[in-house]
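The chain is numbered in sequence order, starting from 1.
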Amino acid sequence: MVVLDGKSVYGGIAIGRISIFDKGESQVKREVVDDVPAEIDRFTTAKEKAKEQLQKLYDKAIKEVGEANAMIFEVHQMMLDDLDYVESITNMIETQKINAEFAVATTGDNFSQMFAAMDDAYMKERAADVKDISNRVIMILQGKETDGIQSDEPVILVAEDLAPSETVQLDKSKVLSFVTRLGSTNSHTAILARTMNIPALIGVNFEQGMDGKMAVVDGFEGKIYIEPDEETLKKFEERREEEERKKKLLLELKGKENVTLDGKKINLYANIGGVSDVANVLSNDAGGIGLFRSEFLYLESDTYPAEEEQFKAYKTVAETMAGKKVIIRTLDIGADKQVDYFELDKEDNPAMGYRAIRICLDRKEIFRTQLRAIYRASHYGTISIMFPMIISVSEVKEIKGIVEDVKNELDSQGIPYGEVELGIMIETPAAAMISDLLAKEVDFFSVGTNDLTQYTLAIDRQNPKLDNIYDSHHEAILRMLKMIADNAHKEGCWVGICGELGADTTLTEKFLRMGYDELSVTPSMILQVRDAIRKIDLSK
């Protein structure tokens, strides 16, 4: 038995045979062609077919993983029509009289290297994308089409890496788990794997000759056991069965209240990134939406989304939630979420730089447009607004002044809107330390534990070298959380947690004893957290 370590992308137990992913790639040879116009036509036809395939993948991804995760396939379609990319290929065919496959492969390599050498993180990510689209065109030119799984039985899929398009077009009924050598926990593929609920590991230095071998993937501990002995296999079979039993039991919690044994009710809400995620919110029986990450409307657009476009998105969510609370976080662009058309300067420390509410208070027209859209949508449901990255009372007062201006403007135009609670995210140590003052200005707090932990511990949460000391259970964090809850309640504010820590069921009882009124988690964790709440007795 061989045991290899990796990093978990999504938990779960998978038992089955390994299948090395066949990307269908083959050596592309340079060949001289006699009919140059015909070769350019071959390339153009293959490019258009690739775009058709990507559109089908986009449509499939919309249904399976939501709009935010599907957008990569629209990006790929646009990249195929990029003038520089197309001209490079056609120019090589014309001047060197070479076959289209070789021109596409060479251009793909050149552009990929160019992107990889850039300082901008977003542009670096495009290196893998341009390789992906080039390989797609080459496959079509060579008449090859495969989903990469050469098995009739479900398998543990092992690969160097998986492009988003490869992940989505896989027949998921044949996939038990993803295991890759490369990739990151924030890559497109990692996000898709989590959304698809498929156990996945990255960073696994797997060996050659693994194809067809029996294996166990432990997505909880981040390990893969190759050719496990009988004792190990039996242990994980029992654990897998236990996990399945837990899932079935959790389904029985649908429709039940989030109430402790001694009768304390807790609001249990879901975090979402776009309109299409609402289906997961409803299917997992969340009581509302505690965090609507509105920046995805900006990330998915080539230009600033207009008021009408935003209004329709917020209105759809509000109507679909049928009166349940929807908390919209205003634009949180910057740091690791870059948008080209914002033309943000490169920063040495973007996590602490020009981002979130700082951009909104500097570029007020963008802010006003979003606030108008949200207030208009509030007429169709129960909407609250929260503002990110707050560090001072003066910021909150400035925000409230802008909100009043927007409401007066809507009144003068005869546009109706509902009662809207205003809250702030507590995600900086500054906001935590003056939470007694901030509580006098707003209706609620929502603690963003991801950034609060990062800033309090002075640890970049994107840096894998610091994973071993990034401790969200640190006593400093827990003391801050207690202080925030106490200060909120003294001023009549309700208080919740919307960071990843909210789904940590080892802390659920501690949060409730601190007095937290609401927890907002990823939709798939709703029933697990409900189960934890219903087992707690706060009277003891």
Report task. Taking the side chain as every heavy atom from C-beta outward, state whether Ile272 and Leu291 have any pair of such atoms under 4.5 Å apart. Result -> no
Query raised in the report: How long is the span from the CZ atom in Arg329 to the CD1 atom in Ile289, to the nearest 0.5 Å?
Result: 13.5 Å
Query raised in the report: Is there any ring pair (Phe, Tyr, Trp, His ring centres under 6.0 Å) pair reaching into residues 200-246, and which pairs are they, with sequence neighbours excluded?
Result: Tyr225-Phe236
Report task. Apply side chain to side chain donor-acceptor pair (under 3.5 Å) to Glu241 and list each qualifying residue two or more places apart in sequence or on a separate chain. Result -> none
Report summary line: dist Leu519:CG -> Asp504:CG (nearest 0.5 Å) comes out at 11.0 Å
Requested in this report: Could you tell me which residues satisfy side chain to side chain donor-acceptor pair (under 3.5 Å) with Gln77, sequence neighbours excluded, listed by chain and number?
Outcome: Gln55
Query raised in the report: To the nearest 0.5 Å, what is the distance between CD (Glu427) and SG (Cys498)?
Result: 7.5 Å
Requested in this report: Taking Thr106 for its side chain and Phe102 for its backbone only, find out whether a donor-acceptor pair lies under 3.5 Å.
Outcome: yes
Query raised in the report: How would you list, by chain and number, every residue that makes a side-chain contact (heavy atoms from CB on, under 4.5 Å) with Thr428, sequence neighbours excluded?
Result: Met389, Ile391, Ala430, Ala431, Tyr455
Query raised in the report: Got a donor-acceptor contact below 3.5 angstrom from the Asp132 side chain to the Ala128 backbone?
Result: no
Query raised in the report: Lys535 and Asp531: side chain to side chain contact (heavy atoms under 4.5 Å, CB included), yes or no, with the steps?
Result: CA-CA 7 Å; Lys535 292 175 180 175; Asp531 186 44; 3.1 Å; yes
Query - Residues in salt bridge (Lys or Arg N to Asp or Glu O under 4.0 Å) contact with Arg513, at least two apart in sequence or another chain - result: Glu509
**Report entry** By salt bridge (Lys or Arg N to Asp or Glu O under 4.0 Å) - contacts of Arg479 (at least two apart)
**Finding:** Glu475
Report task. Please test Leu80 against His76 for side chain to side chain contact (heavy atoms under 4.5 Å, CB included), starting from the C-alpha separation and ending with a verdict. Result -> CA-CA 6 Å; Leu80 277 170; His76 281 197; 5.9 Å; no
Report task. Before giving the answer on side chain to side chain contact (heavy atoms under 4.5 Å, CB included), spell out for Thr260 and Arg534 the whole-Å C-alpha distance, their side-chain angles and the decisive distance to 0.1 Å. Result -> CA-CA 5 Å; Thr260 63; Arg534 291 172 62 88; over 6 Å; no
Query raised in the report: Considering residues at least two apart in sequence or located in another chain, which fulfil the salt bridge (Lys or Arg N to Asp or Glu O under 4.0 Å) criterion with Lys254?
Result: none
Query raised in the report: Taking side chain as C-beta onward, heavy atoms only, is Phe115 less than 4.5 Å from Val130?
Result: yes
Query - Listed partners of Ala432 passing side-chain contact (heavy atoms from CB on, under 4.5 Å), at least two apart - result: Ile426, Met480, Met483, Ile484
**Report entry** Partner residues of Asn284 under the side-chain contact (heavy atoms from CB on, under 4.5 Å) criterion, sequence neighbours left out
**Finding:** Asn280, Pro523, Ile526
Query - For Lys47, all residues meeting salt bridge (Lys or Arg N to Asp or Glu O under 4.0 Å), sequence neighbours excluded - result: Asp81
Query raised in the report: What pairs meet the salt bridge (Lys or Arg N to Asp or Glu O under 4.0 Å) rule with one or both residues in residues 210-220, with sequence neighbours excluded?
Result: Asp218-Arg239
Query raised in the report: Counting only N and O atoms by type, is there a donor-acceptor contact under 3.5 Å from the side chain of Arg42 to the main-chain atoms of Leu141?
Result: yes
Query raised in the report: Who passes side-chain contact (heavy atoms from CB on, under 4.5 Å) against Lys510, sequence neighbours left out?
Result: Leu478, Leu507, Met514
Query raised in the report: Under 3.5 Å, side chain of Thr232 to main-chain N/O of Pro228, donor-acceptor pair present?
Result: no
Query - side chain to side chain contact (heavy atoms under 4.5 Å, CB included) assessment of Arg17 paired with Ile156 - result: CA-CA 6 Å; Arg17 296 200 176 275; Ile156 294 168; over 6 Å; no
